Novice: 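Below you'll find the structure I mean.
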Amino acid sequence: MRLEQWDKTVTPCLDMIEAGSSMALRHVNRLPLRPPFETFAQDELQKLKTALEAALAKVKAAEEIYFSKPLEQTDVQF
């Protein structure tokens, strides 16, 4: 996937996932206690964890491919 396509399609989703994760963390921190039974929220946290682990694996694979690419040769000095 080209970087422009990544920025257009993947980055907004990752931003929303980060925002949702931050919101979940804030609300979990506000809980004074947890119920003695499994809740829908707990199940959803597990689903989110699974989805994020899969997404992270894809990001790691993309990063590995990215860093395996040869560097562009340029005369520009930084």
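Numbering starts at 1 and runs along the sequence shown. Computed from a predicted structure; not experimentally measured.
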Novice: To the nearest 0.5 Å, tell me how far Ser21 OG sits from Met16 CE.
Specialist: 11.0 Å
Novice: Restricting to side chain to side chain contact (heavy atoms under 4.5 Å, CB included), what partner residues turn up for Val10, sequence neighbours left out?
Specialist: Met1, Trp6, Leu14
Novice: What residues, two or more places apart in sequence or in another chain, satisfy salt bridge (Lys or Arg N to Asp or Glu O under 4.0 Å) together with Glu18?
Specialist: none
Novice: Can you tell me which residue pairs pass the salt bridge (Lys or Arg N to Asp or Glu O under 4.0 Å) test with a partner in residues 20-37, sequence neighbours excluded?
Specialist: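 Qualifying pairs, neighbours excluded: none.
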Novice: Output every pair passing salt bridge (Lys or Arg N to Asp or Glu O under 4.0 Å) with a member in residues 1-16, not counting sequence neighbours, ordered by first then second residue.
Specialist: Arg2-Glu4
Novice: Listed by chain and number, what are the salt bridge (Lys or Arg N to Asp or Glu O under 4.0 Å) partners of Glu38, not counting sequence neighbours?
Specialist: none
Novice: List the atom pairs, with distances to 0.1 Å, where a side-chain N or O of residues 45-57 and a protein N or O form a donor-acceptor pair under 3.5 Å, not counting sequence neighbours.
Specialist:
| residue | atom | partner | partner atom | Å |
| --- | --- | --- | --- | --- |
| Lys47 | NZ | Glu44 | OE2 | 3.1 |
| Thr50 | OG1 | Gln46 | O | 3.1 |

